[in-house]
Amino acid sequence: MEFSVWSVIQWVLIVLVAAFIGHFGKVLAQAVLAKMRAQKADPSPAGPSLPPVPNDIPQADVKVTGPEGEVGTPPSPVPSGTAIDKTDKKMLKTLAKQAKKASKKK
């Protein structure tokens with residue numbers, strides 16, 4: 001079996017082009033995955049976010065007169081602590097999950 005110089009050069013060039021395409025395809029895939037991971041790790045500012053709930057809401061010193069003439073203070077804008085407690089629990093649970101994921105990545 002006889003090999004010509006041209007056929008050897010042709011095969012070498014084919015292998016080099018395939019390696020070039022494979023290498024840059026791998027680098028491109030890694031860059032795309034890194035970008036997707038960065039977007040997933042950083043919460044988007046356009047996403048829904050709840051404003052922070054203050055723990056101490058000042059009560060107004062205004063007296064309200066009801067239909068029968070009784071005098072009292074206006075009702076509190078926050079229900080009896082249950083909404084704040086649930087919100088705090090959800091936030092703590094979310095933070096715990098994020099910390100667990102962060103520790104797994106390292």
Partners meeting side chain to side chain donor-acceptor pair (under 3.5 Å) with Thr94 (sequence neighbours left out): none
Evaluation steps, side-chain contact (heavy atoms from CB on, under 4.5 Å), between Leu33 and Gln30: CA-CA 5 Å; Leu33 287 174; Gln30 288 175 343; 5.8 Å; no
Hydrophobic cluster identity match, Phe24 and Val32, side-chain contacts under 4.5 Å: no
Qualifying residue for side-chain contact (heavy atoms from CB on, under 4.5 Å) with Val12, from Leu16, Ile9, Val15, Ile14: Leu16
Shared hydrophobic cluster, Trp11 / Phe3 (ILVMFWY, side-chain heavy atoms < 4.5 Å): no
